[in-house]
Amino acid sequence: MSEELKERIHDLLKISVEHQNINAELRKDVKYLQGRVAYYQDMCDQLKKENRDLRSMGKDFLDEHRNKGDM
């Protein structure tokens with residue numbers, strides 16, 4: 001093999017290793033972000049539930065006092 005071809009192969013191998021490292025970092029980032037998404041989705045669901053509960057409590061409170069004639 002010519003020296004030029006050996007250098008090109010060496011360069012391509014270096015590029016391949018760099019791409020593998022970047023790919024590994026990206027996989028770690030994706031896994032971390034998927035975990036964050038799951039956490040925030042759980043938080044969102046919990047807040048939606050609390051919001052529904054509070055609205056229901058407010059409605060029940062108003063209905064109760066309307067029925068008593070306080071309002």
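Below, each value reflects all heavy atoms present in this structure, side chains not excepted, and no hydrogens, waters or symmetry copies.
- Atoms CZ and CG, on Phe61 and Leu54 in that order, are 13.5 Å from each other to the nearest 0.5 Å.
- When only modelled atom types and interatomic distance are considered, Asn21 and Glu25 share no side-chain donor-acceptor pair under 3.5 Å.
- Residues Lys59 and Arg55 are not in side-chain contact: their nearest non-hydrogen atoms beyond the backbone lie 4.5 Å or more apart.
- Summarising the geometry, atom CG belonging to Asp29 is positioned 13.5 Å from atom CZ belonging to Arg36; distances are rounded to the nearest 0.5 Å.
- The line from NE2 of His10 to CD1 of Ile15 is 10.5 Å long, rounded to the nearest 0.5 Å.
- Annotation for Glu50: atom CD counts as buried by contact number, over 12 foreign heavy atoms lying within 6.0 Å.
- Atom CE of residue Met43 and atom CD of residue Gln46 lie 7.5 Å apart, to the nearest 0.5 angstrom.
- Note: the hydrophobic cluster containing Leu5 also contains Leu13 (ILVMFWY, side chain heavy atoms under 4.5 Å, direct or indirect links).
- Residues Lys49 and Arg52 are in side-chain contact: their nearest non-hydrogen atoms beyond the backbone lie under 4.5 Å apart.
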